[in-house]
Amino acid sequence: TDETATSSTSSSSTLLSRILSALGSLLGFALTWLLIGSLANLISISFGGQGNTKLATVFAAWTCVPFGIRSLMQIMYVIATGNTINAVGLSGFVTTSTTAMAIFLEKILAQIDIYTIWQAVLLAMGVGVMTKLDKKKSILIAVISVVMVIMIKALLGLGFEKIASINISSSLFSTMMR
């Protein structure tokens, strides 16, 4: 009976982690979409371009298509192998460490891959069409927007990593609750 209870707990834990992972991916997709659209619009206005929030969010949605394709590729990998991807993006180049800077660098590098470059190229083309700015300014706006989103997501990832690693002992917790 202990084996069945452990097996049941393990399978429900795995299912819960997969559901939470999927929800996290959807939240990351929505966050990326909204941030890219908002930042591209704001930065293009500051560079003297024509601002259009509705058009910026439409272009941002199209630039997030590579992330949908990346997610599909990752899902196919997990289904085919039964294993999760350990080092996403360029994060495999960072040695595993528990320092905040190493975790932050890992979170940044985990977001940089061919799909991010594809997104930046699509965003540069979209910003050029949307704002009527020259090519250099459009590329600069796209790079700044993508880098800012990567930094924001890395900071959020670092925060979640640090929150998950908090170990609250029962005595500390009971002291706090008094």
Side-chain angles (χ1 to χ4, degrees), residues 17-80 84-94 100-164:
S17 68
R18 288 184 183 184
I19 290 171
L20 290 175
S21 177
L23 288 175
S25 295
L26 285 173
L27 182 64
F29 182 81
L31 178 71
T32 302
W33 174 28
L34 294 174
L35 282 174
I36 287 287
S38 300
L39 287 171
N41 190 38
L42 289 172
I43 296 169
S44 65
I45 290 170
S46 69
F47 281 178
Q50 300 172 353
N52 186 343
T53 306
K54 185 176 180 180
L55 195 57
T57 54
V58 169
F59 276 119
W62 281 107
T63 64
C64 288
V65 167
F67 292 134
I69 294 171
R70 175 177 61 189
S71 295
L72 279 173
M73 298 301 284
Q74 289 173 346
I75 289 169
M76 288 179 6
Y77 175 81
V78 170
I79 289 172
T84 59
I85 302 171
N86 292 333
V88 180
L90 298 177
S91 66
F93 292 113
V94 178
M101 188 53 115
I103 294 171
F104 182 62
L105 183 61
E106 180 184 353
K107 298 294 179 187
I108 289 173
L109 292 177
Q111 297 177 51
I112 300 172
D113 56 8
I114 191 70
Y115 300 101
T116 306
I117 296 168
W118 185 9
Q119 180 197 29
V121 169
L122 288 175
L123 185 62
M125 291 187 310
V127 166
V129 169
M130 178 180 72
T131 62
K132 310 287 191 253
L133 290 171
D134 62 340
K135 192 187 313 185
K136 289 180 184 178
K137 285 185 180 179
S138 298
I139 292 171
L140 185 61
I141 291 168
V143 168
I144 291 171
S145 299
V146 169
V147 167
M148 287 180 72
V149 168
I150 287 173
M151 295 303 247
I152 290 169
K153 288 172 65 176
L155 284 171
L156 286 173
L158 176 65
F160 286 137
E161 187 86 20
K162 288 297 182 182
I163 288 171

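When side chains are defined from C-beta on, Lys135 counts as touching Ile139, because their heavy atoms get closer than 4.5 Å. Counting heavy atoms from C-beta on, the side chains of Ile79 and Met76 never come closer than 4.5 Å. Side-chain contact between Thr63 and Val121 is absent, with no heavy atoms from C-beta onward closer than 4.5 Å. For the pair Gln119/Ile36, a side-chain contact is recorded, criterion being any heavy-atom separation below 4.5 Å from C-beta on. A heavy-atom distance below 4.5 Å is not found between the side chains of Phe59 and Met125. Using a 4.5 Å cut-off on side-chain heavy atoms (C-beta onward), Phe104 and Met151 make contact.
At least one donor-acceptor pair under 3.5 Å links the side chain of Thr57 to the backbone N or O of Lys54. With hydrogens and angles ignored, the 3.5 Å screen pairs a side-chain donor or acceptor of Thr116 with a backbone N or O of Gln111.
Rounding to the nearest 0.5 Å gives a distance of 7.5 Å between OG1 of Thr131 and CD of Gln50. Rounded to the nearest 0.5 Å, atoms CG (Leu90) and CG (Leu105) are 10.0 Å apart.
Just one of Leu55, Val58, Ile141, Leu123 meets the side chain to side chain contact (heavy atoms under 4.5 Å, CB included) condition when paired with Met130; it is Leu55.
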Please table the atom pairs, donor to acceptor, closer than 3.5 Å between any side-chain atom in residues 64-71 and protein atoms at least two apart or in another chain.
unit_1, atom_1, unit_2, atom_2, d
Arg70, NH1, Asp113, OD1, 3.3
Arg70, NH1, Asp113, OD2, 3.0
Ser71, OG, Phe67, O, 3.0

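Here the closest heavy-atom approach between residue Ile108 and residue Ala154 is recorded as CG1-CB, 3.5 Å. The minimum heavy-atom distance between Ala124 and Ser138, with the atom names listed, is O-CB, 3.5 Å. Closest approach of Ser145 to Ile43, counting heavy atoms only: OG-CD1, 3.7 Å. Contact record, Ala142 with Ala120: CB-O, 3.7 Å, taken as the closest heavy-atom pair.
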Verdict with reasoning, Leu39 to Ile144, per side chain to side chain contact (heavy atoms under 4.5 Å, CB included):
CA-CA 9 Å; Leu39 287 171; Ile144 291 171; over 6 Å; no
Test side chain to side chain contact (heavy atoms under 4.5 Å, CB included) on Leu31 and Leu156 and set out the steps.
CA-CA 11 Å; Leu31 178 71; Leu156 286 173; 3.7 Å; yes
Working note: Leu155 + Lys107, criterion side chain to side chain contact (heavy atoms under 4.5 Å, CB included); need CA distance, chi angles, decisive distance, verdict.
CA-CA 8 Å; Leu155 284 171; Lys107 298 294 179 187; over 6 Å; no
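Counted within 6.0 Å of CH2 on Trp33, heavy atoms from surrounding residues, nucleotides or ligands total 12 or fewer; the atom is thus considered open. Within a 6.0 Å radius of CZ in Phe29, other residues, nucleotides and ligands contribute more than 12 heavy atoms.
When the side-chain hydrogen bond (donor to acceptor under 3.5 Å, both in side chains) test is applied to Thr32, the partners found at least two apart in sequence or on another chain are Lys153.
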